[in-house]
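Values below: all heavy atoms of this structure, side chains included; hydrogens, waters and symmetry mates excluded.
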Amino acid sequence: MAKRTHLRDLGCIACDELEQVGAGKEGWLVEKPSFLTALEPNSLALARTSLVLILSWNNDSFSSSPPIKIRPSLSSAVEGEITAIQWLIFDDLRVLALGTSNGYLLIYSIHADLIHKQMIHPQRILGLRVRGSNGNFTQDTSSQEVCAVMPGAIARFEGSVIQDLLQRCLQESQAHHPWGQKFQKKESEGSRNSFGTLPYQLWNVNKLGPCADAAITGIMPPPLMELQSSQRYYCAVTIGEDAVISAFRLSEDRSRSLVGAILSKVVPVTFSTIASFSRMFWLSDQASTRKPEVKTQPFAKASPITCLKDHPRKGEKLTLSPSGTLAAVTDSLGRILLLDTRALVVVRLWKGYRDACCLFMEMLVGTNGSSSSSSYYEQSKSDYCLCLAIHAPRKGIVEVWKMRTGPRLVTIQCAKGSKILQPTPRLESSSSTSSSAYIPLEVFLLNGDSGRISVLNRYLT
């Protein structure tokens, strides 16, 4: 009987260039918190401080595709260092987004050319989250978004707005000059974005303490006794030291409540009056020597809904399901909490998983490899069941559990120094067609010491 395997090998990313980002020592991939990774179906981006490497694999022929290096022109006093990385994948575009320690968003092409640079908020960007269609073409494109998570704030960009900007950049560059000539000059000169800034929404979510991670789970109904309007409300879940889990209602409009309406009228007038008087007594030469400061966007309304405080427990990592209805939270006591983001209640708990990492995936349960690859039948979303992959590095295993209350389906042994990854969801435009089959959510396993990358099989017999 052939040995059952739950991993399918894809290739190897080992190369000499990995030493430039700190590779070479055993456990280098997981021991350094400053080491960042972002995966898309055929490429892996690795970043650390001020360097990004884009590595590809294709049937083990890694030598045919040399790594691409991105060295952003970062100033420690202005942009800071790279603290977040994420792919942005559209219909015909593939770019890399970087977040910095001083709150800047940088977007680069796959040819290492700077496309866009924008200040979001003067705080460290902890992560960039993408919520896309994942092959589900019936999903509303307005719910596709890119979020920047900071210790005290969360910013939301519409996916369609980012795509429009990239399309304008691409069209102009193709009409006048190559991508490299224009965008390299634009970065070196430090000029403003010639294609304008990306509009976004910004909320303050540190009312219950600073957060270590956060996510917008989806649209939620408006609160009672609020003025009726066409504005949407979002639900945000945060985790941190003071409050293990917190939930907020985010409003698109800064003046949704009566108090907000009064403040929006009184505060600007009061501030303008004080400023006009202060100019009369302020020396003009002091004002002229000051450098112009970057104006930050004001916060929209964020109302706390509930929180879970359980000292000394601290929330560490947050993982969101594709639909946003479930969230897996790891804490400092080695527990994993499964949160229902609609009811805002914990529906499941795992113990004994210190330093764990969780990712949601979709599997075909009760099928075999031959039937799942049959050309006579294409699986749809209803054929898959939602599961949670838990990587326990101290145990050296990856477990897959069926959601919400199902059993453990499989246990996979993995080498020390391994890390589970997941490709970034695609951001589909309104003009996309459902010509391709449904793309299930998969989990990849990267062995940092050997450089081998594999994918967890989506079927179980």
**OP:** Please tell me if the side chains of R335 and V244 come closer than 4.5 Å, counting only heavy atoms from C-beta onward.
**Re:** no
Original post:
Is there a donor-acceptor pair closer than 3.5 Å between any side-chain N or O of N447 and the backbone N or O of D449?
Top reply: yes
Subject >> Side-chain ion pair, K416 and E26, N-O less than 4.0 Å >> reply: no
Original post:
Between E252 and Q201, does a side-chain contact (heavy atoms from CB on, under 4.5 Å) hold up when you go through it step by step?
Top reply: CA-CA 7 Å; E252 286 185 328; Q201 298 157 308; 3.0 Å; yes
**OP:** For Q297, check side-chain contact (heavy atoms from CB on, under 4.5 Å) against everything at least two apart and list the hits.
**Re:** Y200, L202
Original post:
Got a sec, which residues hit salt bridge (Lys or Arg N to Asp or Glu O under 4.0 Å) with D242, two or more places apart in sequence or on another chain?
Top reply: none
Subject >> Distance in Å, I125 CD1 paired with I154 CD1, rounded so as to fall on 0.5 Å steps >> reply: 11.5 Å
Subject >> L446 and I13: CA distance, side-chain angles, deciding distance, side-chain contact (heavy atoms from CB on, under 4.5 Å) verdict >> reply: CA-CA 9 Å; L446 175 62; I13 64 168; 3.7 Å; yes
Original post:
Does T341 reach the main-chain N or O of G324 with its side chain, forming a donor-acceptor pair under 3.5 Å?
Top reply: yes
**OP:** Measure from the side-chain N and O atoms of R94 to the backbone N and O of I110, and report whether any donor-acceptor pair falls under 3.5 Å.
**Re:** no
Original post:
Roughly how far apart are S50 OG and L98 CG, rounded to 0.5 Å?
Top reply: 11.0 Å
**OP:** May I have the step-by-step check of side-chain hydrogen bond (donor to acceptor under 3.5 Å, both in side chains) for T424 and Q86, ending in yes or no?
**Re:** CA-CA 7 Å; T424 303; Q86 190 61 273; 2.5 Å; yes
Original post:
Are the side chain of S109 and the backbone of V95 linked by a donor-acceptor contact shorter than 3.5 Å?
Top reply: no
Subject >> Check ion pair K69-E17 (N to O, under 4.0 angstrom) >> reply: no
Subject >> With I397 via side-chain contact (heavy atoms from CB on, under 4.5 Å) - residues at least two apart >> reply: A392, K395, E399, T411, Q413
Subject >> E19 atom CD, neighbour heavy-atom count above 12 within 6.0 Å >> reply: no
**OP:** From the options K314, R129, K317, select the one residue that forms a salt bridge (charged side-chain N to carboxylate O under 4.0 Å, His left out) with D213.
**Re:** R129
Original post:
Which atom names give the shortest non-hydrogen contact between M119 and H121, and what distance separates them?
Top reply: CE-C, 3.4 Å
Original post:
Can you tell me how far the OG atom of S43 sits from the CD1 atom of I54, to the nearest 0.5 Å?
Top reply: 7.0 Å
Original post:
Quick one: does N102's side chain have a donor or acceptor within less than 3.5 Å of a partner on V78's backbone?
Top reply: yes
**OP:** Apply side-chain contact (heavy atoms from CB on, under 4.5 Å) to the pair R404 and D340, showing each step before the final yes or no.
**Re:** CA-CA 10 Å; R404 294 185 173 190; D340 185 325; 2.9 Å; yes
Original post:
Does D113 reach the main-chain N or O of I115 with its side chain, forming a donor-acceptor pair under 3.5 Å?
Top reply: no
Original post:
Mind checking what makes ring pair (Phe, Tyr, Trp, His ring centres under 6.0 Å) contact with F35, not counting sequence neighbours?
Top reply: W28
**OP:** Using side-chain contact (heavy atoms from CB on, under 4.5 Å) as the criterion, list what pairs up with D164, not counting sequence neighbours.
**Re:** R168
Original post:
Should C414 and H391 be marked as a side-chain contact (heavy atoms from CB on, under 4.5 Å) after you check the CA-CA gap, both sets of side-chain angles, and the distance that decides it?
Top reply: CA-CA 9 Å; C414 62; H391 177 214; 3.5 Å; yes
Original post:
Do the side chains of Q144 and F90 get nearer than 4.5 Å, heavy atoms only?
Top reply: no
**OP:** Check for a donor-acceptor pair, side chain of E362 on one end and backbone N or O of Y384 on the other, with a separation under 3.5 Å.
**Re:** no
Subject >> Within 6.0 angstrom of E241 CD, more than 12 heavy atoms from elsewhere >> reply: no
Original post:
Between E145 and R232, is there a side-chain N and carboxylate O pair less than 4.0 Å apart?
Top reply: no
Original post:
Quick one: are F157 and I120 in side-chain contact, heavy atoms under 4.5 Å?
Top reply: yes
**OP:** Look at the side chain of Q123 and the backbone N and O of G152, then say whether any donor-acceptor pair between them is shorter than 3.5 Å.
**Re:** yes
**OP:** Check for a donor-acceptor pair, side chain of W350 on one end and backbone N or O of L338 on the other, with a separation under 3.5 Å.
**Re:** no
Subject >> From V398, V455, L388, L456, residue fulfilling side-chain contact (heavy atoms from CB on, under 4.5 Å) relative to V443 >> reply: L456
Original post:
Can any side-chain N or O of T238 pair as donor or acceptor with the backbone N or O of C211 at less than 3.5 Å?
Top reply: no
**OP:** Taking all heavy atoms of T319 and all of C358, pick out the closest pair and write down the distance.
**Re:** OG1-O, 2.8 Å
Subject >> Set of residues satisfying side chain to side chain donor-acceptor pair (under 3.5 Å) with respect to S332, sequence neighbours excluded >> reply: none
